[in-house]
Amino acid sequence: ALSADLWARPAGAGGGDTAVQEPSAAMGRWVDSEWGRVIVAGSGFLADGYDLYVIGGVEHVLTEEFACSQSSRSDCLEGDEMLYLKSLTSSAALFGAILGQLIFGSLADRLGRRVIFIVTGSLIIFGSLASACIQEFSLGPKFLMYQLIFCRGILGFGIGGEYPLSATICAEGTGAARRGTLMALVFSNQGLGYLLSAIVMLALVNSGASLEFTWRFALAFGAVVPSISLYFRMQMNESESFEKVAQARESGETGVDMGWTLRRYAWHLLGTAGNWFLFDIVFYANGLFNADVMRIIGASGEDLEDMATATLAVVLMMLPGYFAGVLFINKFGRKNVQILGYANMAIWFGVAGFAYDWLRVDAPLLFVAIYGMTFFFSNFGPNMTTYVIPGEIFPSQAKATLHGVSAASGKFGAFLGASLMPLVTGNPATASGIRAAMFVCAAIALLGLLLTIFLTPRYGPEDLAPKLPDETVGFVRLYFQRRAAQRFRAEKRDDPGDQSTESGSTQEQAGSS
């Protein structure tokens, strides 16, 4: 697979970009079509969702096998030590993802999407299989857990690269009219990955399989989808947009310079990265409901069967928001969906905070409904749009880089949410602490709403059409930038002695703000 031919950079793409070079086989033509790129990019996101979500169930199984409270082994792990190793296991993929988003996003804008997409898929395969093959080597379960932490870091590194790569490949390979819908479809595969992980864990724990087989199979299964996808990634060609940027760089054009692009899109980047950061802090709070929801649906969480059943129930609550996003993101518009999501998150977290005690004791079904609403408007809202918007608005010379920066900001927000929220809820969590956390999340959702209003552009497919010869994506002004442009044009019209309206309009169109 890693032959010299693999690293060659073919030209041409289907869907949104006109093919520069006709692929040599039917498979090449299909994978470069609009739907081919969507399916390949979506399969990668399905694998990402599976690998990131399955670790929760795996950690429960490892606790039963190695923790002194559950295991009779002489070298078992004490409670605090097991908790510490589990937290490192969860954090390893998170930090690996941050590095992958930043590094692979940048490399994809320099070396090409295809080759980096192959690398990230290969890392996911390796990380999944390596995680399943770890051994104690007579050194005890602690040594095995440290191996798992290392392998999960590699896996996370590959997963991180999938975020900017899948968004960029889909955005550059689909037509303008359906781009938003198809990018939302790619992102919704994350929810299908969650569902697949819940089904696999439920099947394993109810099959009578040993604890060791259960966690090894669950981790190894994460390599299945990317192994199939890897073949199709190798058949991909580069998009016309990337080839256009590569030619412009070779000719020394300044319009594709990274520094110039960063200056031009600085406010847009603050909006995309800031919103992803704020949303992921709030998204963590959905887990605060879990213990109460498990009690209401009759799952104690004390054994693996209950854990797997409750996990599947939670995932099923997530899915409707993904489906609604795919159906309505083009009809409502990206900015409107993000505003709608933030506003409803603030409302439902606020309601949960004010009526927490009454809801969980006297109105349990209503409590579960509110829990579902927080998920619905997260996924039919900023969870989806924070992925779609940076994939659309940034130009090809910096699309993967700036999408990666935005996604990394989100993962950093998730880390802060997981680290700091227990300071609000208490450890262990108390009813008053959870209520306070709900109000905090409502306030952060309102901050995201304000950031969206001022630093997220309102645009349609036609607004992203290139306006200048060296552009791959049209520059979409923010609200305050549009007002400044309107004042500029009004001043030109009011000045009868000014004969430079045409050149001024061109300069304004090319300007950054």
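Keep in mind it's a predicted model, so treat the numbers as computed, not measured. What you see below is based on every heavy atom in this structure, not just the backbone, and it leaves out hydrogens, waters and symmetry mates.
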Are the ring centres of Phe187 and Phe45 closer than 6.0 Å?
-> yes
Could you please spell out the steps behind the side-chain contact (heavy atoms from CB on, under 4.5 Å) verdict for Leu366 and Trp358?
-> CA-CA 10 Å; Leu366 182 57; Trp358 176 78; 3.9 Å; yes
Quick one: does Asn275's side chain have a donor or acceptor within less than 3.5 Å of a partner on Thr386's backbone?
-> no
Is the count of non-hydrogen atoms from other residues, nucleotides or ligands lying under 6.0 Å from Phe126 atom CZ greater than 12?
-> no
Among side-chain atoms of Tyr163 and Asp48, is any donor-acceptor pair under 3.5 angstrom?
-> no
Output yes when a side-chain donor or acceptor of Ser197 lies under 3.5 Å from a complementary backbone atom of Tyr194, and no otherwise.
-> yes
Does Lys399 use its side chain to pair, donor to acceptor, with the backbone of Gly391 at less than 3.5 Å?
-> yes
Flag the pair Met421 / Cys441 as yes when at least one side-chain heavy-atom distance between them is below 4.5 Å, and no otherwise.
-> yes
Enclosure of Asp80 CG (heavy-atom neighbours >12, cutoff 6.0 Å) = no
Hey, are Glu392 and Tyr459 close enough side-chain-wise for a donor-acceptor pair under 3.5 Å?
-> yes
May I ask you to decide if Ala171's main-chain N or O and Arg179's side chain share a donor-acceptor pair within less than 3.5 Å?
-> yes
Ring geometry between Tyr50 and Phe221 (parallel below 30°, tilted from 30 to 60°, perpendicular above 60°) | tilted
Please assess Thr456 against Thr385 for the test side-chain contact (heavy atoms from CB on, under 4.5 Å), listing each intermediate value before the final yes or no.
-> CA-CA 10 Å; Thr456 296; Thr385 53; over 6 Å; no
Correct closest heavy-atom pair for Ala445 and Ala346 would be CB-N, 3.9 Å
Do you know the tightest heavy-atom contact between Leu269 and Ser406?
-> CD1-OG, 3.8 Å
Backbone of Glu305 reached by a side-chain donor or acceptor of Asn206 within 3.5 Å = no
Flag side-chain contact, heavy atom, 4.5 Å: Tyr387 against Ser166 | yes
Determine yes or no for a side-chain-to-main-chain donor-acceptor pair under 3.5 angstrom, with Asp109 supplying the side chain and Ala400 the backbone.
-> yes
Donor + acceptor pair across side chains of Thr174, Arg178 (<3.5 Å) | no
How about Asn189 and Tyr322: do any of their side-chain heavy atoms sit closer than 4.5 Å?
-> no
What residue pairs, at least two apart or across chains, pass side-chain hydrogen bond (donor to acceptor under 3.5 Å, both in side chains) with a residue in residues 212-222?
-> Glu65-Trp215, Glu212-Arg216
Provide the closest heavy-atom pair for Val476 versus Arg458 in the form atom of the first, atom of the second, distance.
-> CG1-O, 4.0 Å
Answer whether the closest heavy-atom distance between the side chains of Met183 and Met384 falls below 4.5 Å.
-> no
Hey, is the main chain of Ile125 close enough, under 3.5 Å, to the side chain of Ser128 for a donor-acceptor pair?
-> no
Result block: side-chain N/O donor-acceptor pairs under 3.5 angstrom for residues 52-59, not counting sequence neighbours:
residue, atom, partner, partner atom, Å
Glu59, OE2, Ser90, OG, 2.7

Ala308 backbone acceptor or donor facing His60 side chain under 3.5 Å = no
The single option from Val368, Ile370, Leu365 that satisfies side chain to side chain contact (heavy atoms under 4.5 Å, CB included) with Leu359 is Ile370
Under 4.5 Å between any side-chain heavy atoms of Val473 and Phe394, yes or no?
-> no
Okay, side chain of Ser419, backbone of Leu416: is any donor-acceptor separation there less than 3.5 Å?
-> no
Answer yes if the ring centres of Tyr371 and Phe375 are under 6.0 angstrom apart, and no otherwise.
-> yes
How would you list, by chain and number, every residue that makes a ring-ring contact (aromatic ring centres under 6.0 Å, His included) with Phe279, sequence neighbours excluded?
-> Phe283
Verify whether the ring centers belonging to Phe117 and Phe104 lie closer than 6.0 Å.
-> no
When you measure from the side chain of Ser188 to the backbone N and O of Leu185, does any donor-acceptor pair fall under 3.5 Å?
-> yes
Please find out if less than 6.0 Å separates the ring center of Phe380 from that of Phe323.
-> no
